[in-house]
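Just below is one structure, and these are the notes that go with it.
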Amino acid sequence: MTNKTQTLYKSYIIEEYFATKKPYYVSISDEIELFEAAYKQKLPVLFKGPTGCGKTRFIEYMAYKIGQEMKKSKKNNNSQINIPLVTIACHEDLTASDLVGRYLLEGDSTVWLDGPLTRAVKAGGICYLDEVVEARKDTTVIIHPLTDHRRILPVEKKGELLEAADGFLLVLSYNPGYQSALKDLKHSTRQRFIAIEFDYPSVEKETEIIAHESGLDDGTSNKLAILGEKIRNLKEHGLPEGASTRLLIYAAKMISQGIKPVRACQVAVNWAVTDDSLLHQGIQEVITSIFPE
Amino acid sequence: MSNIFEKYPENLNIEFDNSFKVLKDNFSDEQRNEWEDLIKSITDSGVRSWEITTALLKKSVDLSKILKGAELIQWAKMISNLVNLSHVLASSYIQNSDKFLSITKGRHIDSMSVMAENIYDGSWKSGNFASKVFDHSPKFLKVLTFAEFEKIMYFLNEITTQSYDMAVECLDYSYNFLTKFHSKHTGIEFLSNLKSKSSRDLKNILETSPKFLVKFDENQRVTLMELILSIIDAGGYSSSTIMDDVATPFTLIHRNSYDEILELCKELGQVQPQVIIGFLTKVPEILNKIDINQMKEWFDEGIKLLNLNRDAGVAYFKLESLTSETSLSRISSSVEYDSVKDILQLYCSALAGVDLEILPSSELVDKNIGWSSTMNPTTEGKSIYVPEIINRYDSKIINYKWFKVISSHQVGRLEFGSFKFHFDSESIYFNNMREDLYNDFSKKIKTQEQIHFPLEDENSENKIDPVITKKTDFNKFFELFQSRKLVSDIFAIIEDTRVENRIKNKYSGLIKDFDDVKLQALEKRPNINTLNAQDAMVEFLVQISLGKSDKTKVPKKYLDKFKNMFIILNKIVNNDSDVHDSSEATIRIYKLIHSTENENTENEETEDLDLDQNQDQDYYEDDNILQEIMQFMMNQDSMDIHSESDDYQSPEQVDYRGDFKPELVQLLENMRTMDSEDSEFSQENITPEMLKELLDQMEDLDIEATERPIDSSTDMIAENILKEISAELSENSKHNPGDTDNSEDFEELETDDPESYIYDEWDFRSNDYKPRWCIVKERIMGEGDKSYYDETLLDYSTIVNNLRRQFEMISPEMLKKVNRLEDGEDFNIDDVIEAFVDIKTGVSPSEKLYWRRNKIQRDVACVFLLDVSASTAESIEDSNTSNDWDVPDDPVDYMKWIKSRRKSGIVRTYKRIIDVEKEASVLLIDALENLGDQYGIYCFSGYGRENVEFYTVKDLDENMNDNIKARIDKMSPLHATRMGPAIRHATSKLEKVQSRTKLLFLISDGRPQDRGYSREGVEKEYAVHDTKMALTEAKNKDIIPFCLTVDKNGHDYLKTMTQDMGYEVLDDVTDLPERLLDLYRTLTM
């Protein structure tokens, strides 16, 4: 018998990675319409909102949704059935070549390798720059020509100008608040985007989301949503960020694994949102009020 | 008649003869002669000695019964000795001799006089004292043996060497003192010990102790005295108060614990007597928190500590150390407001979704705006009030749970809208009757008036109460009922039931706690059958609201009513009922109860009402029932069914629910939102008279039930409410010194002064700048004492060290690895590859292939703009503790008041906001000097737009020097807060600086205000918008503004003012210095 090596992981080429299933997303207000309109008009979009409120999920959802609609409208033309979504998590060492691409040595010759942004531009996908303020300021400048009417990406090294394919759209996410004032977005950058503001969903919607994501029953999910709402009330009391939906889902997943709710909320929510011991105690009181021990 | 006394008055002879007649039987012949001789010699011994003789002879008659002849002679001999010393002495001896001799039964004739001889040293005073000794001897001898008496007298005599007066006083006091002891010996022992320490102590203690000693029993007295001795022994204590200090604490504690406490003190005395008094003074406080057995545990820990470390132990017993308090609270089962308020505050704010303060109930009572119980939890719509200490249970956890339950209940009222009652809003679960009732009711009043004033039809129109439009919704509702008391009680029960049910549904974690508390409350409720009918029905409601669900015996006669009440109340219990459902339910239940005669039902036949069975029954009403209720409500006052029976009595309060005053709270709420569009209340139409009228109607006020002796007439309350509300409303503006003059001249300003700058101002109404509108006058801050700087650094030395360390940690980051250099420490491999790639692809490669660790200059320039408006003179302590009741609300008056206060030189013991700002400046300078950033510190204030004062403490390009240190000291509260121009001026300063990062810190204590900048109403917005615009301008010039405020109410306007620029509200002003530096650090990293 031969032992065949089996690939345990799946790997995709950036342009070919699509959500095969509809990502789960519950709309909070009119953000879906807004985004669709912006997409149709090729207007770059800026997402503002606290952490864990669903920005990334939203962009996945929109990529899928728009792709599906295109499929419907272009039944015969199979060339563009999905919108690729290229997500780039920005960090402070992210350089322009990391985005655009670079030459690599291969033996005696060199090979050009497109960066993720270039690939998205070519493939006509949505390029999502997550937490863009974290990137170096010079990197944000290279996206400027992509965001106005020109829609071009200059590839200096190659001496090329790339015109963005039809479906290309640049989306930034941005978390205002004061991590560092030095990392604010420049006005010249900001004013190239339409801004969609995100906030945490209402208790009812959050209940629905939590229940769906974790498979927990509605009652407990509702309690978690209430907990989220209550903790967010404390934002003015020294809590830097409210409990995100993501954290609530974590808690829900812990509960669904059989951890006691009070404990699950403590580890997944309370200790995650703050290090302040007074706040810990205050939040713990809220948790024990909502969940019986 | 004998005439041995020829030279003397005749009575002497007569006296002698008389006495001799009695005495002769006592004497033998020999003695008779001796007697005669003695008498003679006494008489002859001095000029007026015959007087003594007379007294002697008279007394001898009395003594003949007690003394034998020889003794009489001895007695006379003593007198003859004494006469030689002093007449006064002798006569006082004679005077008292019968008394003391009758006690001593004839003994000690000689020792007594010997004693006197010893005391007497020839001076007038010593004679006086000796005769006092004789005077007091009888009563002393009644309780003391002669030896004891002698002992006392001898050592009192020693006191005479210091002062006779004192000795005399001691003589007086010591009798009282000694009588407090059974074993006089102990007492005397104590006194002599005491005397050997200090006779002054002796007097003081003798004087003060008797009144305290009566409170102790014999053994305790002895211990107490031993204690005092050991304290005095240890020294260092002023004796005049020692007795007071030792005994007063005992008056505050229960007698049963005296023994234990004394025992503890004794134990403490063996180790460290000095601390006994410090400990005793705290005993009452400690016993408030823990019981005597727990105290022993606490005490033992202290002793251990004392043995290890004397100072720590002393502080422990004086309750002046953290260890002591922690161990106290660990041992104690009671939970104090102070220890839980922070957590509860977070908890309640989280639940309610608004900023809530948790305060002790006593504070609300002190405001005297209608609440009177210091023990009950309650809310007035803005804060939650709880008792100061909970000591109901043995377990701390359960006591804490109680705290949580009571505050959850109060928050529930807010969260589930108990006070958001609108008369016109519909109920979901009941047919709406309020509107119809109100219409019919008004009609009825009108017709009644027409009957009363048939001829003055037109005038009667005017007679309608002018207040009618300003009623609160609750007021309007409760007015529909004849018995306010009854309807208030019913409504409170129904609403509490509803709120509790909502809490239960939403917060299932609280169910158990609530159930426990309810069960306990239920156990304390009275038996329904012992009450009168109406009382019983209300009590029945209370009990089902507390969860009674089993069979209940009710009077058979009213079975249906009870059942109906249960069903109606049950209808409220669901997931989304609101206060309007409660109000409709109230109407129905009121009808059931009010239509019942309040008769005694004790002897009525009872029947079981099974509540469980009726659990699922739905309340049903058709038009007929509705009609019937309408009818009843319309005619409730004409029905006279209650004439014979007792008045309705409110049920006992359910303690954990506390006070519920919907009408009062709604009134306060309405007044708080005065002047806003949807409020019927406005500043103008609220008068004390009108308030009083509203208050008079309220059932909420428990005027008679006040626990404290405060004037709680409705007049007083009305006045206090107005005061309170206007204080709340003008919290931000009361210190605005600009006058409220409306006549602003609309002219542009000009200036020739070189240090003056002109700026525009943003007018948000016209959406445009007002050109050349403000003059900023820049001055250099005067100089004060530069030692202030160093002293502050010293005071904050721990923080300073900490901050320095933190700021030093910034420095290493300044060593940055710099890539792409032509020369450096090593190749950067990435760059080299890139260069190769370039060569291969035919592009000219970069020569910058090296990297180096480079010291990058931090390039930060920062301006700190400090608000030094008049309000920074406020104490940072709780405003309630400072005596600010008489602060004038009017800004002009306020300035006068402040000035007069300053002039009168009231010593400031509290810390002001400005002081914290000054300290913050010192720490800033210290930290930033180490860091090397460019920075400037400026203060601003001003009055009016042509006088914006801008003071330089440290200019941006100024180097640190002693003058700057001195300037900080000079910073003091000035006038108003016109932020806009100050920000613009600071911006212009920063603009001139070449820096990569520019920061503008604005530190303020309230919203921006100035004359013509921030009048009440709309104009308030003006200032906020101008400031916002100024900040935006700065931002557009690549300056990063950051607002830091110490105004707790800062969130509302700061949000508008700063939008997504950074801001922070400091909860605790004292954090300012540290927080400021912290922010500076994070913002510039």
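Please read these numbers as outputs of a predicted model, since none were measured by experiment. Within every chain, numbering begins at 1; the chains are lettered A, B, ... in the order of the sequence lines, protein sequences first and strands thereafter. FYI, side chains are in, hydrogens and waters are out, and symmetry mates aren't considered; it's all heavy atoms of this structure.
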Given that the side chain runs from C-beta out, which part of [X] has a heavy atom under 4.5 Å from chain B: side chain, backbone, both or neither?
| X | result |
| --- | --- |
| I226(A) | side chain |
| K158(A) | neither |
| Y103(A) | both |

Need one label for [X]: side chain, backbone, both or neither, based on atoms under 4.5 Å from any heavy atom in chain A.
| X | value |
| --- | --- |
| K512(B) | neither |
| Y400(B) | side chain |
| L351(B) | both |
| Q345(B) | neither |
| D1038(B) | neither |

If you tally heavy-atom pairs under 4.5 Å against chain B, which of I231(A), L279(A), L227(A), V262(A) wins?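 Of I231(A), L279(A), L227(A), V262(A), L279(A) has the most heavy-atom pairs under 4.5 Å with chain B.
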
Please test V837(B) against R102(A) for side chain to side chain contact (heavy atoms under 4.5 Å, CB included), starting from the C-alpha separation and ending with a verdict. CA-CA 9 Å; V837(B) 169; R102(A) 52 163 54 93; over 6 Å; no

Say you draw a straight line from [atom1] of [X] to [atom2] of [Y]; how long is it, rounded to the nearest 0.5 Å?
| X | Y | atom1 | atom2 | answer |
| --- | --- | --- | --- | --- |
| Q284(A) | Y347(B) | CD | OH | 12.0 Å |
| S289(A) | D513(B) | OG | CG | 7.5 Å |
| I343(B) | I283(A) | CD1 | CD1 | 11.5 Å |
| L510(B) | E285(A) | CG | CD | 9.0 Å |

With side chain to side chain contact (heavy atoms under 4.5 Å, CB included) as the criterion, how do L234(A) and S349(B) come out once you've worked through the C-alpha distance, each side chain's angles and the decisive distance to 0.1 Å? CA-CA 7 Å; L234(A) 287 180; S349(B) 299; 4.2 Å; yes

Over 12 foreign heavy atoms within 6.0 Å of [atom1], [X]:
| X | atom1 | result |
| --- | --- | --- |
| E156(A) | CD | no |
| K506(B) | NZ | yes |
| K504(B) | NZ | no |

Can you name the nearest heavy-atom pair linking V286(A) to A350(B), along with the distance?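 V286(A) and A350(B) have their closest heavy atoms at CG2-CB, 3.8 Å.
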
Give a yes or no answer on whether the side chain of S508(B) reaches the backbone of F291(A) with a donor-acceptor pair at less than 3.5 Å.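 Not a single qualifying donor-acceptor pair exists.
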
